[in-house]
Amino acid sequence: MLPFYIPAWRATGWADDYYGQPPSEDLGAREFLQAATMARLYVMDLKRWPRVMTSHTWQHRPVLDARLAPYMWTKVPNTLGHLLGDPRFHGQVVREGWRAYVFRQGDHAVAAVWANAADVENGLKPGPTLSVKLSSDAQFYDLMGNRRRAERKEDGSVALPLTAAPLFVTAEDAAALLAALEG
């Protein structure tokens, strides 16, 4: 995935035709979508871990921009490595506009949940907000590995605003986490 879209340069998403570097220092939404797409591909491949032991996203070009700052996608393997170092697939939920993959990771569960509608991916509309009743031990992490907070409503549910990038939810029980997302 290229972090920009310039059809006149044949830079139309994949890096097979355009071998240049980014034309600016601030790529905004396209850089975010590039990182989100890579994370989602890795999460979907982790469903088949350990049978599938490697995945390649065609990122073999320099990882620093003109200011020597790393591109967003370079943080993705680090975040996934910390949250899903040795995952065991437990189940998935696929609904119109969003999906979730639930894994057992050691003695706890990790779910990756994201919006997958084209208008959301392209920044044309906000992603859905899921209302989910999660256990009180649930914790939330964004794609960069930052801890996030979710306010609990009176009925015990939390609102999960989704984007094209996975939101990671950790909890003790994989079956309960999957059931909550299915509900």
Side-chain angles (χ1 to χ4, degrees), residues 1 29 31-59 63 70-117 120-121 126-183:
M1 287 291 297
E31 184 181 2
F32 170 77
L33 182 57
Q34 177 193 32
T37 300
M38 291 179 66
R40 294 175 346 191
L41 288 169
Y42 282 137
V43 167
M44 288 185 276
D45 287 344
L46 287 175
K47 175 182 177 179
R48 292 161 183 87
W49 172 264
R51 290 176 299 166
V52 174
M53 296 191 73
T54 187
S55 183
H56 193 306
T57 58
W58 289 91
Q59 291 301 319
V63 299
Y71 291 124
M72 287 178 73
W73 64 263
T74 61
K75 183 72 168 81
V76 170
N78 182 274
T79 299
L80 291 175
H82 279 87
L83 292 173
L84 292 164
D86 188 20
R88 299 293 180 244
F89 179 70
H90 184 77
Q92 69 186 46
V93 180
V94 178
R95 300 284 191 266
E96 184 173 338
W98 67 277
R99 65 176 47 207
Y101 287 75
V102 178
F103 300 90
R104 289 185 314 278
Q105 172 61 46
D107 61 352
H108 65 280
V110 179
V113 188
W114 66 84
N116 65 346
V120 174
E121 292 176 351
T129 298
L130 301 183
S131 180
V132 183
K133 288 189 179 183
L134 297 170
S135 61
S136 61
D137 67 326
Q139 297 181 25
F140 310 94
Y141 299 88
D142 66 18
L143 184 58
M144 299 294 109
N146 298 310
R147 179 92 185 270
R148 296 295 178 181
R149 297 188 190 278
E151 291 187 33
R152 290 201 178 271
K153 299 177 186 174
E154 288 183 22
D155 66 356
S157 66
V158 295
L160 301 180
L162 301 183
T163 67
L167 173 69
F168 298 96
V169 181
T170 65
E172 292 299 319
D173 186 353
L177 182 54
L178 180 62
L181 290 167
E182 286 176 333

Closest approach of P126 to V120 (non-hydrogen atoms, all atoms of both residues): O-CG2, 3.6 Å
Distance, nearest 0.5 Å, that separates CG of L178 from OH of Y101: 12.5 Å
Sub-4.5 Å side-chain heavy-atom contact between T79 and Y141: no
Contact check, side chains of F140 and R149, non-hydrogen atoms, under 4.5 Å: no
Distance, nearest 0.5 Å, that separates CG of N78 from CE of M144: 9.5 Å
For P161 against T129, the heavy-atom pair lying closest together: CA-OG1, 3.9 Å
Sub-4.5 Å side-chain heavy-atom contact between F168 and L80: yes
R147, CZ atom: more than 12 neighbouring heavy atoms under 6.0 Å: yes
Close side-chain approach of S131 and K153, heavy atoms under 4.5 Å: yes
Separation of L83 CG from T170 OG1 (nearest 0.5 Å): 7.5 Å
Least distance between heavy atoms, L181 atom then W98 atom: O-CH2, 3.6 Å
Gap between atom CG of D45 and atom CG of L41 - 0.5 Å precision: 6.5 Å
Where at least one partner belongs to residues 75-96, residue pairs that pass ring pair (Phe, Tyr, Trp, His ring centres under 6.0 Å), sequence neighbours excluded: F89-F103
Distance-minimising heavy-atom pair for D137 and A171: OD2-C, 3.6 Å
Whether R48 side chain and M44 backbone form a donor-acceptor pair below 3.5 Å: yes
Heavy-atom pair of closest approach, residues P87 and L84: CD-O, 3.3 Å
Shortest non-hydrogen separation from S136 to R152 and the atoms involved: CA-NH2, 3.4 Å
Close side-chain approach of K133 to D155, heavy-atom, < 4.5 Å: yes
Point-to-point distance, once rounded to the nearest 0.5 Å, from CZ of R88 to CD of Q105: 8.5 Å
Inter-residue atom distance L160.CG - R148.CZ, 0.5 Å rounding: 13.0 Å
